[in-house]
There are 2 protein chains.
Amino acid sequence: MNTPQLTKNQTLVFDVLTKAEAPLSAYTILDKLRDNGFRAPLQVYRALEKLLEYGVVHRLESINSFVACAHPNEDCHNHGLVAFAICEGCGQVIEFHDHEVDHRLMDWLKSQKFKAEKATIEIRGHCATCS
Amino acid sequence: MNTPQLTKNQTLVFDVLTKAEAPLSAYTILDKLRDNGFRAPLQVYRALEKLLEYGVVHRLESINSFVACAHPNEDCHNHGLVAFAICEGCGQVIEFHDHEVDHRLMDWLKSQKFKAEKATIEIRGHCATCS
DNA sequence: ATCAATTGCGTAATGCTATAACGTGTGCGA
DNA sequence: TCGCACACGTTATAGCATTACGCAATTGAT
């Protein structure tokens with residue numbers, strides 16, 4: 001999917017996520033944007049919805065947070081599966097793509113005649129510097 | 001981890017999950033147990049906490065729900081990774097374990113010196129009968 | 001037997017996450 | 001210029017999870 005020109009709200013939310021060193025919850029984003037005129041959760045959620053659709057932001061289901069894609073120049077939809085290692089110490093996220101894991105999972109799903117639409121792979125633990 | 005004798009509340013919650021054909025949210029479980037004296041969310045969450053610890057119940061992060069382990073006789077903590085295919089049509093969940101995927105992920109994490117503590121793999125889509 | 005520590009339980013209150021429902025304004029093609 | 005699509009703003013509400021407090025039962029060491 002191509003990324004069209006972002007709107008004002010989408011740009012604000014994206015910039016906040018890009019500058020952050022760790023994933024942010026929607027409400028944290030809201031607080032960071034109050035000075036920019038944000039007043040309600042929906043302003044954040046609507047922007048996030050589009051950013052997720054464009055593939056420039058990922059949602060981390062296991063911690064109800066959002067993070068900017070680590071590979072801004074490529075198209076995340078072409079990567080197949082995306083997996084995340086989330087450090088519970090510093091909050092940092094390492095994003096990675098592995099075609100081996102991808103294929104293996106897809107083969108299994110195929111054998112079950114299961115049509116995959118969305119995948120979540122999140123590993124929680126401690127990164128090199130925090131363990 | 002061994003599974004000790006379950007308490008009354010733990011048994012009630014576990015039975016509800018075992019009889020269910022799809023994952024249930026904590027509040028849905030609460031509603032199903034009102035006739036058994038349940039009145040507050042915490043009664044459910046406390047039971048779930050233990051059941052998760054014993055490995056007889058899994059939490060599905062992507063849909064904020066809980067499901068009984070599909071392999072009651074084995075010890076889920078010995079399985080390494082557990083992955084789930086969740087049907088958005090009928091809600092049914094297929095649980096599976098794949099050592100190949102497991103090893104591949106663990107190798108990658110090792111190369112990053114990342115200490116994994118908990119993993120979430122959830123595929124959402126449509127099962128054979130719902131697609 | 002007794003005391004202390006642990007564990008489970010009940011209740012109320014609160015906090016965090018996400019969406020529904022309404023209406024407004026703007027740009028653009030038929 | 002009409003109709004449509006889309007982004008936006010606001011209020012209210014729904015859904016998920018935890019904090020804090022106190023009580024009762026159990027266990028286990030002295």
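In what follows, chains carry the letters A, B, and so on, assigned in the order in which the sequence lines appear, proteins first and then strands, with residues in each chain numbered from 1.
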**OP:** List the steps and the verdict of side-chain hydrogen bond (donor to acceptor under 3.5 Å, both in side chains) for B:Glu122 and A:Thr120.
**Re:** CA-CA 5 Å; B:Glu122 297 174 18; A:Thr120 299; 5.6 Å; no
Subject >> side-chain contact (heavy atoms from CB on, under 4.5 Å) assessment of B:Thr11 paired with B:Asp15 >> reply: CA-CA 6 Å; B:Thr11 303; B:Asp15 284 351; 3.7 Å; yes
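In this structure, the CG atom of B:Asn9 is 17 Å from the P atom of D:dA24, given to the nearest Å. The interatomic distance linking B:Leu6 (CG) with C:dT7 (C1') rounds to 15 Å, in whole Å. If you take CG of A:Leu48 and P of D:dA7, they are 14 Å apart, rounded to a whole angstrom. We find that CD of A:Gln5 is positioned 12 Å from P of D:dA7, with the value rounded to whole Å. Nucleotide D:dG15 holds its P atom 15 Å from the CG atom of B:Leu24, rounded to whole Å. Rounded to whole angstrom, the span from the CD atom of A:Glu49 across to the P atom of D:dA7 amounts to 10 Å. To the nearest angstrom, C1' of C:dC9 lies 15 Å from CG of B:Asn36.
Look at A:Lys8 and you won't find any side-chain N or O under 4.0 angstrom from OP1 or OP2 of D:dA7. The shortest distance between the side-chain N/O atoms of A:Gln43 and the OP1/OP2 oxygens of D:dG9 is below 4.0 Å. Distances shorter than 4.0 Å separate some side-chain N or O of A:Thr7 from OP1 or OP2 on D:dC8.
Counting any heavy atom pair closer than 4.0 Å across all strands shown, A:Arg46 reaches a base atom.
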For nucleotides 25-27 of chain D, give me every protein contact, N/O to N/O, under 3.5 Å, one pair per line with atom names.
none

Using atom names, set out every protein N or O paired with an N or O of nucleotides 16-20 of chain C below 3.5 Å, distance rounded to 0.1 Å.
{"unit_1": "C:dA18", "atom_1": "OP1", "unit_2": "A:Arg59", "atom_2": "NH2", "d": "2.6"}
{"unit_1": "C:dA18", "atom_1": "OP2", "unit_2": "A:Tyr45", "atom_2": "OH", "d": "3.0"}
{"unit_1": "C:dA18", "atom_1": "O5'", "unit_2": "A:Tyr45", "atom_2": "OH", "d": "3.4"}
{"unit_1": "C:dA18", "atom_1": "N7", "unit_2": "A:Tyr27", "atom_2": "OH", "d": "2.7"}
{"unit_1": "C:dA18", "atom_1": "N6", "unit_2": "A:Tyr27", "atom_2": "OH", "d": "3.3"}

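Partners of B:Lys118 under the salt bridge (charged side-chain N to carboxylate O under 4.0 Å, His left out) rule, at least two apart in sequence or in another chain, are B:Glu61. For B:Glu88, the salt bridge (charged side-chain N to carboxylate O under 4.0 Å, His left out) partners at least two apart in sequence or on another chain are B:Arg124.
The shortest distance between side-chain heavy atoms of B:Val13 and B:Leu33 falls below 4.5 Å. With contacts defined as side-chain heavy-atom distances shorter than 4.5 Å, the pair A:Leu17/A:Leu24 qualifies.
Side chain of A:Thr18 to main chain of A:Val16: no donor-acceptor pair is present (N/O by atom type, distance under 3.5 Å, no hydrogens or angles).
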Residues 42-51 of chain A side chain polar contacts: donor-acceptor under 3.5 Å, at least two apart:
{"unit_1": "A:Gln43", "atom_1": "OE1", "unit_2": "A:Arg39", "atom_2": "N", "d": "2.6"}
{"unit_1": "A:Gln43", "atom_1": "OE1", "unit_2": "A:Ala40", "atom_2": "N", "d": "2.9"}

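Nearest-nucleotide positions on DNA chain C for B:Gln10 and B:Gly37 put B:Gln10 closer to the 5' end.
Applying the side-chain hydrogen bond (donor to acceptor under 3.5 Å, both in side chains) test to pairs two or more places apart or on separate chains, those with a residue in residues 106-117 of chain A are A:Glu117-B:His126.
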